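Take a look at the structure set out below.
What you are looking at is a predicted structure, and each value in this text was computed from that prediction instead of being measured.
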Amino acid sequence: MIKKDLSVDFLGVHFENPFCLSSSPVGNCYEMCKNAYDAGWGGIVYKTLSPEHFKIDEVSPRFDELTKEDTPFVAFKNMEQLSEHPLEQDLADMRRLKKEYPNKVLIASIMGETFDDWTYLAKRVTEAGADMIELNFSCPQMTSHTMGSDVGTNAELCKNNCIAVKKGTDLPVLAKMTPNITTMVPVVKACLEGGADGFSSINTVKSVTDVDLEKKVALPNIDGKSSVSGLSGKAVKPIALRFLQQLRTASGLEQLPISGIGGIETWEDAAEFILMGATTLQVTTAIMQYGYRIIDDLTNGLMHYMDEQNVDHLQDLVGLANKNIIPTNELNRNYKVYPKIDWDKCIGCGRCFVSCQDGAHQALTWDDEKRLPVFNKDKCVGCQLCALVCPVGAIKLGVVEMKPGREGDPSKIDVASQRLHTYHPEEAKAGN
């Protein structure tokens with residue numbers, strides 16, 4: 001069995017591995033957190049605590065899903081708010097967890113309505129033994145402009161909330177960012193001015209998932225009504241990675257400490273977040289589908305990847321991909337990559353032909369007698385649509401040539417490294 005060092009140091013706190021429960025229903029009480037620790041998770045962000053005077057009254061039902069064909073849901077909508085337990089009960093659970101699992105990381109998520117609330121909560125969770133505090137500036141279910149995702153778009157308010165928290169604690173402080181914003185950079189810089197030490201990104205994306213066509217109400221249907229609320233899961237991963245890139249390449253933020261969140265379901269997802277600049281990782285939606293047991297797949301897969309990359313310490317991979325994402329006007333436009341069809345795999349379904357004819361550049365025609373596509377190189381622009389829609393992976397990007405009059409050596413272009421994300425039903429059923 002391959003063994004690699006998955007431990008990371010983040011804001012002065014040592015994690016045995018980077019995987020944490022994010023602040024959500026999956027870490028809502030002592031029993032759940034205990035089970036997660038026992039399963040092997042490196043840390044827990046306990047579900048967001050609020051002051052005693054702020055009463056939580058949840059709706060039912062509160063979840064919805066987006067699916068694709070026969071796959072597990074690719075996106076998950078939730079209307080969950082903060083911890084519904086009395087503050088004293090949550091604090092007692094946190095003290096018990098820290099006493100029983102002193103080497104596991106316990107992060108307290110808090111949300112206040114006033115500056116005094118933030119200071120008070122920071123003091124209480126510090127006394128309860130938390131290793132770190134996460135400030136929830138981003139819950140899309142909160143409707144007050146002083147609580148939830150609206151806070152995360154207000155740089156000045158975020159700064160002042162950070163100042164208030166720092167009055168109540170000497171622990172490392174994470175600010176949890178909302179993706180419901182064009183750029184996080186001004187807010188992040190304001191949080192740093194207020195004393196934040198690092199950031200969690202992203203929280204859920206405001207959304208409406210499905211609409212019941214008969215009852216004419218969005219889902220989940222709560223007594224004939226619904227609301228805009230947070231979307232998570234695989235579908236938000238591209239958004240999360242985009243914000244990681246934005247933050248890690250902004251002037252002055254190149255070494256920004258980030259806990260990555262948003263659609264992490266497999267070890268490949270985890271590796272992508274790490275390469276894009278996240279040091280620790282937070283998971284909810286995948287746990288809700290498959291349970292805490294997925295930690296074994298996440299850690300084993302990541303260790304195998306490290307072995308393939310000849311890397312002994314996970315921390316050495318953080319941020320290696322950021323430098324390879326550049327503005328579009330700087331991309332090399334001198335070469336063209338043509339598709340290569342594996343006729344032994346081709347099943348003659350015609351999907352590539354239809355997509356090329358109706359959605360690309362008509363470089364594929366159809367042979368009615370052979371019932372196979374015919375490739376016209378003169379019309380091909382190398383867009384790769386045909387390869388992406390092929391259901392059996394019979395089309396690869398395999399022939400590289402320089403455009404007429406352009407400079408470069410095609411033999412030095414690594415076409416094999418261009419991974420194609422194609423849909424395979426057997427992988428979906430396996431939960432991959």
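Between the side chains of Asp38 and Tyr101, at least one donor N or O lies within less than 3.5 Å of an accepting N or O. With no hydrogens or angles considered, a side-chain donor-acceptor pair links Ser23 and Thr48 at under 3.5 Å. Using a 3.5 Å distance cut-off with no hydrogens or angles, the side chains of Glu407 and Asn334 do not pair a donor with an acceptor. With hydrogens and angles left out, the side-chain atoms of Thr299 and Asn17 include no donor and acceptor closer than 3.5 Å. Ser200 and Glu134 form a side-chain donor-acceptor contact under 3.5 Å, judged by distance and modelled atom types alone.
Within 6.0 Å of NZ on Lys403 lie more than 12 heavy atoms contributed by other residues, nucleotides or ligands. The neighbour count for Gln255 CD, taken as heavy atoms of other residues, nucleotides or ligands under 6.0 Å away, does not exceed 12. Within 6.0 Å of NZ in Lys215 there are 12 or fewer heavy atoms belonging to other residues, nucleotides or ligands.
When all heavy atoms are compared, the tightest approach of Leu364 to Cys386 is CD1-CB, 4.0 Å. Counting all heavy atoms, side chain and backbone alike, Ala39 lies closest to Tyr292 at CB-CB, 4.0 Å. Nearest heavy atom pair, residue Val208 against residue Ala218, reads CG1-CB, 3.8 Å. Of all the heavy atoms in Thr178 and Ile181, the pair that sits closest is O-CG2, 3.3 Å.
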Atom pairs and distances, donor-acceptor, side-chain atoms in residues 162-169, under 3.5 Å, two or more places apart:
unit_1 : atom_1 : unit_2 : atom_2 : d
Lys166 : NZ     : Asp197 : OD2    : 2.9
Thr169 : OG1    : Thr126 : OG1    : 2.7
Thr169 : OG1    : Leu171 : N      : 3.0

Using distance only, find each side-chain donor-acceptor pair of residues 301-313 under 3.5 Å and give its atom names and separation, not counting sequence neighbours.
unit_1 : atom_1 : unit_2 : atom_2 : d
Asp312 : OD1    : Lys4   : NZ     : 2.9
His313 : ND1    : Asp5   : OD2    : 3.0

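A salt bridge does not link Lys216 with Asp212: every distance from a Lys NZ or Arg NE/NH1/NH2 to an Asp or Glu carboxylate oxygen is 4.0 Å or more. In summary, Asp131 and Lys104 do not engage in a salt bridge, as defined by a charged side-chain N under 4.0 Å from a carboxylate O. We find that Lys237 and Glu265 are not joined by a salt bridge, their nearest charged nitrogen and carboxylate oxygen being 4.0 Å or further apart.
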Set out, in order, the CA-CA distance, both residues' side-chain angles and the distance that settles side chain to side chain donor-acceptor pair (under 3.5 Å) for Asp297 and Tyr290, then state yes or no. CA-CA 11 Å; Asp297 297 331; Tyr290 306 116; over 6 Å; no

CA sep, side-chain torsions, deciding dist, call: Trp118, Phe137, ring pair (Phe, Tyr, Trp, His ring centres under 6.0 Å): CA-CA 11 Å; Trp118 287 103; Phe137 292 161; 5.4 Å; yes

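The side-chain heavy atoms of Gln246 and Met184, taken from C-beta on, include a pair separated by under 4.5 Å. Between Ser259 and Phe199 there is no side-chain heavy-atom pair separated by less than 4.5 Å. In this structure, Thr153 and Asn180 have side chains that are not in contact, with every pair of non-hydrogen atoms separated by 4.5 Å or more. In this structure, Leu135 and Asn161 have side chains that are not in contact, with every pair of non-hydrogen atoms separated by 4.5 Å or more.
Formation of a donor-acceptor pair under 3.5 Å by the Arg248 side chain with backbone atoms of Met276 is not found in this model.
Evaluation of the salt bridge (charged side-chain N to carboxylate O under 4.0 Å, His left out) test over residues 368-377, restricted to residues two or more places apart or in two chains, returns Lys377-Glu401.
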